[in-house]
Amino acid sequence: MDAIKRARRISLCVLNAAVVMMWFAIAMTVVGGTASWLRVVPALIASIGFTWFFLRITRAVLERRYPTREVAAAGALALFAAALGGGDPFGWGFALLAWASVATIGVRAWTAVGMAVGTFVAGAGLGAIAVLSGQNMLSVPVPYDRGAITFMGVLYAVMCALLPPSNRFWAWIYTLAVQAHEGREAHTQLAIAEERLRFARDLHDLVGHQLSAIAVKTELAVRLSEADTVAAKAEMTEVNALTRTALRELRQAVRGYRELDLNAELDSVKGVLEAAGIRCELQLPYREPPGGVAPAFAYAVREAATNVLKHSTASFCEITLRFTDEEAELRVRNDGVVRRQVSDLGSGLMGMGERLASVGGKVTARPTGDGEFLLRAVVSLPICG
């Protein structure tokens, strides 16, 4: 399960906890109370319908849309159940609090305040009516009790002040996580599109004019083949030369595409990481890397940066290059390590190991034990072959 799916599942559990608490309170009231089943049964039916709309609301708010019809229907059912059950905040009245906890998500702050105040007025009013009619907070008949009314009012006020803001804050955090993930995906797609455009431009600039010349001279040779065989042969000789030139330039373009430039890759990786909100520090030597090391390290840097974006929640990434007469070393260190980061690296780490092995190097990737992750690639120098 990826990070966004896991965050969505956790967010749904947190938001749906209110309806679970509602059913627990209702169960305690039904078991310990003496209310008439002529009122309890319709209230239960209304609570079941409210639960169905409630679950639709929580799914909708995590999809960043406001389900107005579901909110209105759930509010009506919550009010109906609370009215039949007595408005007890420890019982049927909790349906009103559960409704306010999710109905206020996705609306303006003042609208949310108004909805919370309305919930308080409705819940406290229904609770006061229940007490005045001879029902206490557990639906047990008692004489008029001013203290019970005050206590219910305070309880409704506290819950209406805490539940809506806490769920609004949680939904906001989830939205930020989704937007950050979408931003990383957009940067990845943009990088892929730019690389495709670069390759297409290189092919057009390097090979396109050669192919156009070949097409023109081939057509001319066909026309001259019967009238002037010597001229036709000369044209075909030029076509042969142009073909060889085009083939050579095509190979050069593909080779340049496959063999990454280390300095360009470092600049690109730094830009992508910082665009994703990850502070990137480069620790580079003052001399050029030994021959044969740069392409392998460029590939390793690209794969390491991809893994930082995909498999961590990093806030910083440090890339260090070190060259001596005996070895060349690349270190990529980042925070935000997750438990299964190493096993999730998959074919990228395998491909990196194969490329480094081709120049006599090796790669290790593991958590450091202090919340960080270290990828280390080492190549012995000089490179044989």
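On a predicted model such as this, the values are computed, not experimentally measured, just so you know.
Between atom CG of residue Leu162 and atom CG of residue Asn167 there is a gap of 11.0 Å, rounded to the nearest 0.5 Å. Once rounded to the nearest 0.5 Å, the distance linking CG of Leu284 with CZ of Phe323 reads 8.5 Å. Between atom CZ of residue Arg302 and atom CG of residue Leu262 there is a gap of 12.0 Å, rounded to the nearest 0.5 Å. If you take CG on Leu330 and OH on Tyr299, they are separated by 13.5 Å, rounding to the nearest 0.5 Å. Here the CD1-CD distance, from Ile278 to Glu281, works out to 13.0 Å after rounding to the nearest 0.5 Å. Taken to the nearest 0.5 Å, the OG1 atom of Thr320 stands 8.5 Å off from the CG atom of Leu282.
Within 6.0 Å of OH in Tyr66 there are more than 12 heavy atoms belonging to other residues, nucleotides or ligands. Heavy-atom neighbours of Asp370 CG from other residues, nucleotides or ligands within 6.0 Å: above the threshold of 12.
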Test side chain to side chain contact (heavy atoms under 4.5 Å, CB included) on Met159 and Phe94 and set out the steps. CA-CA 10 Å; Met159 297 298 285; Phe94 202 92; 3.9 Å; yes

Evaluate the criterion side chain to side chain contact (heavy atoms under 4.5 Å, CB included) for residue pair Phe316 and Glu372; output intermediate values, then yes/no. CA-CA 10 Å; Phe316 86 91; Glu372 295 183 350; 3.6 Å; yes

Before giving the answer on side chain to side chain contact (heavy atoms under 4.5 Å, CB included), spell out for Val117 and Cys160 the whole-Å C-alpha distance, their side-chain angles and the decisive distance to 0.1 Å. CA-CA 7 Å; Val117 171; Cys160 287; over 6 Å; no

May I have the step-by-step check of side chain to side chain contact (heavy atoms under 4.5 Å, CB included) for Val121 and Tyr156, ending in yes or no? CA-CA 9 Å; Val121 172; Tyr156 268 114; over 6 Å; no

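Note: the hydrophobic cluster containing Ile105 also contains Val107 (ILVMFWY, side chain heavy atoms under 4.5 Å, direct or indirect links). At a threshold of 4.5 Å between side-chain heavy atoms, the hydrophobic network of Ile, Leu, Val, Met, Phe, Trp and Tyr places Phe169 and Leu176 in one connected group. Under a hydrophobic clustering in which Ile, Leu, Val, Met, Phe, Trp and Tyr are joined whenever their side-chain heavy atoms come within less than 4.5 Å, directly or via other members, Val178 and Val61 fall into the same cluster. Phe50 and Phe90 end up in the same hydrophobic cluster when Ile, Leu, Val, Met, Phe, Trp and Tyr side chains are linked at under 4.5 Å. Hydrophobic clustering (ILVMFWY, side-chain heavy atoms < 4.5 Å, transitive): Trp92 and Ile45 are in one cluster.
Shortest non-hydrogen contact noted between Ala157 and Phe120 is N-CD1, 3.6 Å. Listed here is the closest heavy atom pair of Ala74 and Phe53: CB-CB, 3.8 Å. When all heavy atoms are compared, the tightest approach of Ala124 to Gly153 is CB-CA, 4.4 Å. When all heavy atoms of Ala98 and Phe54 are compared, the pair lying nearest together is O-CE1, 3.2 Å. Here the closest non-hydrogen pair linking Ser11 and Tyr174 is OG-CD1, 3.5 Å. For the residue pair Cys280 and Ile319, the shortest heavy atom distance occurs at SG-CD1, 4.2 Å.
By the side-chain hydrogen bond (donor to acceptor under 3.5 Å, both in side chains) test, Arg59 is found to be paired with no residue, residues two or more places apart in sequence or in another chain being considered.
In this structure, Val301 and Leu266 have side chains that are in contact, with non-hydrogen atoms separated by less than 4.5 Å. Between Leu96 and Leu126 there is a side-chain heavy-atom pair separated by less than 4.5 Å. Residues Asn334 and Leu273 have side chains not in contact (no heavy-atom distance under 4.5 Å, counting atoms from C-beta outward).
Side-chain atoms of Asn307 come within 3.5 Å of backbone atoms of Glu303 as a donor-acceptor pair (strictly under, hydrogens ignored). A donor-acceptor contact shorter than 3.5 Å links the side chain of Arg168 to the backbone of Thr104. Judged purely by atom type and a 3.5 angstrom limit, Trp99 uses its side chain to pair as donor or acceptor with the backbone of Val71.
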Donor-acceptor pairs under 3.5 angstrom involving side-chain atoms of residues 75-84: please list them, not counting sequence neighbours.
none

Side-chain donor/acceptor pairs under 3.5 Å, residues 13-28, sequence neighbours excluded:
residue : atom : partner : partner atom : Å
Asn16   : OD1  : Thr58   : OG1          : 3.0
Asn16   : ND2  : Leu12   : O            : 3.1
Trp23   : NE1  : Thr51   : OG1          : 2.8

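Salt-bridge check for Arg322 with Glu327: passed, with a basic side-chain N closer than 4.0 Å to an acidic carboxylate O.
For the salt bridge (charged side-chain N to carboxylate O under 4.0 Å, His left out) with Glu318, the qualifying choice from Arg279, Lys270, Arg331, Arg333 is Arg333, the only one to do so.
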